[in-house]
Number of protein chains: 2
Amino acid sequence: MIKADSAAKSLNIAPRERLLASATELFSRKGYSATTTREIVAVAGVTKPVLYYYFRNKEGIYLELMHKATNKFEAMLDAFHAETGTPKKRILSFCDQIFALILENIEILRLVYSIYYGPHQGAPFIDFDSFELKLQKTVKHLVQEGIKKKEFQKEYVEDMTWAILGAINFSIEIELSHPEWGFGRKGLKRVLNLIFRGILARDGKKKGERK
Amino acid sequence: MIKADSAAKSLNIAPRERLLASATELFSRKGYSATTTREIVAVAGVTKPVLYYYFRNKEGIYLELMHKATNKFEAMLDAFHAETGTPKKRILSFCDQIFALILENIEILRLVYSIYYGPHQGAPFIDFDSFELKLQKTVKHLVQEGIKKKEFQKEYVEDMTWAILGAINFSIEIELSHPEWGFGRKGLKRVLNLIFRGILARDGKKKGERK
DNA sequence: GTCTATATTGAGATAGAC
DNA sequence: GTCTATCTCAATATAGAC
């Protein structure tokens, strides 16, 4: 006989997982401080002591959530090494992968962004900087490769890195504030290509160039 | 005889203004929900009823704060019309003005960003979208001028607009997360110039262009 | 206008039975 | 592991004197 007396329970998922899911949704929508443990357990369809049993307290479930997410992203950054193709293609592919991963985790990312760029909301400290720096390092490395292979102009490594990171960031923010615009991966690709037309060296003529 | 028994009072500013200042600082650093009215009045060096006298409640002081800020920004956008120079210069000047205004109001902007892109934190709704759209419209207009005057490529108006807005946004975010990097107005200008090298039409040779 | 004192609600967290 | 019942404290907000 299947136990299913609440919408949240209907899928028969373990309470611990239901709590993580409801906490993610609520923290993302209302913020860390504005979300109460009462709501979390209510949405998860369990009672309070269950939350305090699996996680030590409100900070505990937040930390668990965040660590799961940051690990996923770090793993993705570490995995990006064996890619082939021209520097430009590699950058496009890299940005696309990052963006796809972000779309899959848009809820948690909304929370991360608001805490990294905004007030901490009383949430326990998490070192988002190390991730940011890793991302930056990866992009910079890809840009330097492009320079080495003469595909990019030889100067302005920093500015190129920043322009690319900026495009990623902005596309994420459109997704956060206006997902209905359908900017998405295609939008990011278009903006990156626009930036490339400035980044790419102009030694030889490029195909498709007019006049 | 001057009354000055607290650091917050020492400048002899009216309680109403002191409350607005302390609320701005606290909302920006801790977030709307995590900031308590107790803290606000404590930092301002007044007692609770003073807050409830001047502003109706916690939401009231928040709304007052926000409306003051958004009015300032709207006014700046409206004021930007009588500028001269080439489209590129006008865009650079516009972005620089925006960025300067933002630096002057970085605290309130941190709060705005976290609420616009992130969870609402239980704060009352404010229509940030109308400002975002106005900003977008202004930039798009400047881009279209550049196209009309043949200074920019004739296609990709949207992408150009987005690339420019992205650069502004990103420079703000660096200011929010890493002000010590000293990215600032110069950084924004450099990145914009990098993007321009892709936006500028390539009909004729530009001065300073090599090879 | 500004204070002291207090009402009231809701938050995080736990004791202890099952 | 999960529940009911409850503790404790801090939050928003106000009454009423000055």
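Below, chains carry the letters A, B, ... as their sequence lines are ordered, and counting in each starts from 1.
In this structure, the NZ atom of B/Lys48 is 18 Å from the C1' atom of C/dG1, given to the nearest Å. Distance A/Leu51 CG to D/dC3 C1': 15 Å, rounded to the nearest Å. Between B/Glu39 atom CD and D/dA10 atom C1' there is a gap of 11 Å when expressed in whole angstrom units. Counting to the nearest Å, the P atom of C/dA11 and the CD1 atom of A/Ile40 are 11 Å from each other. Rounded to whole angstrom, the span from the OH atom of B/Tyr32 across to the P atom of D/dA11 amounts to 14 Å.
The stretch residues 52-63 of chain A comes close to DNA chain D through A/Tyr53, A/Tyr54, each having a heavy atom under 4.0 Å from the strand.
Within 4.0 Å (heavy atoms only), A/Thr47 reaches at least one base atom of the nucleic acid. As judged by a 4.0 angstrom heavy-atom cut-off over every strand, B/Thr35 is placed among residues touching the sugar-phosphate backbone only.
A side-chain N or O of B/Tyr117 and one of B/Asn169 form a donor-acceptor pair less than 3.5 Å apart.
Aromatic ring orientation, B/Trp181 versus A/Trp162: tilted (interplanar angle from 30° to 60°).
A/Asp159 pairs with exactly one of B/Arg197, B/Arg190, B/Lys189 by the salt bridge (Lys or Arg N to Asp or Glu O under 4.0 Å) rule, that one being B/Arg190.
Both B/Arg38 and A/Pro49 sit near DNA chain D, but only A/Pro49 has its closest nucleotide nearer the 5' end.
The backbone N or O of A/Ile13 sits less than 3.5 Å from a side-chain atom of A/Arg18, completing a donor-acceptor pair.
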Show me, pair by pair, the donor-acceptor contacts under 3.5 angstrom made by side chains of residues 35-46 of chain B, not counting sequence neighbours?
residue: B/Thr35; atom: OG1; partner: B/Leu26; partner atom: O; Å: 3.1
residue: B/Thr35; atom: OG1; partner: B/Gly31; partner atom: O; Å: 2.7
residue: B/Thr36; atom: OG1; partner: B/Glu39; partner atom: N; Å: 3.1
residue: B/Thr36; atom: OG1; partner: B/Glu39; partner atom: OE1; Å: 3.3
residue: B/Thr37; atom: OG1; partner: B/Lys48; partner atom: NZ; Å: 3.3
residue: B/Glu39; atom: OE1; partner: B/Lys30; partner atom: NZ; Å: 3.3
residue: B/Glu39; atom: OE1; partner: B/Thr36; partner atom: N; Å: 3.0
residue: B/Glu39; atom: OE2; partner: B/Lys30; partner atom: NZ; Å: 2.6

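Residues B/Gly122 and B/Tyr32 share a closest heavy-atom pair of O-CE2, 3.6 Å.
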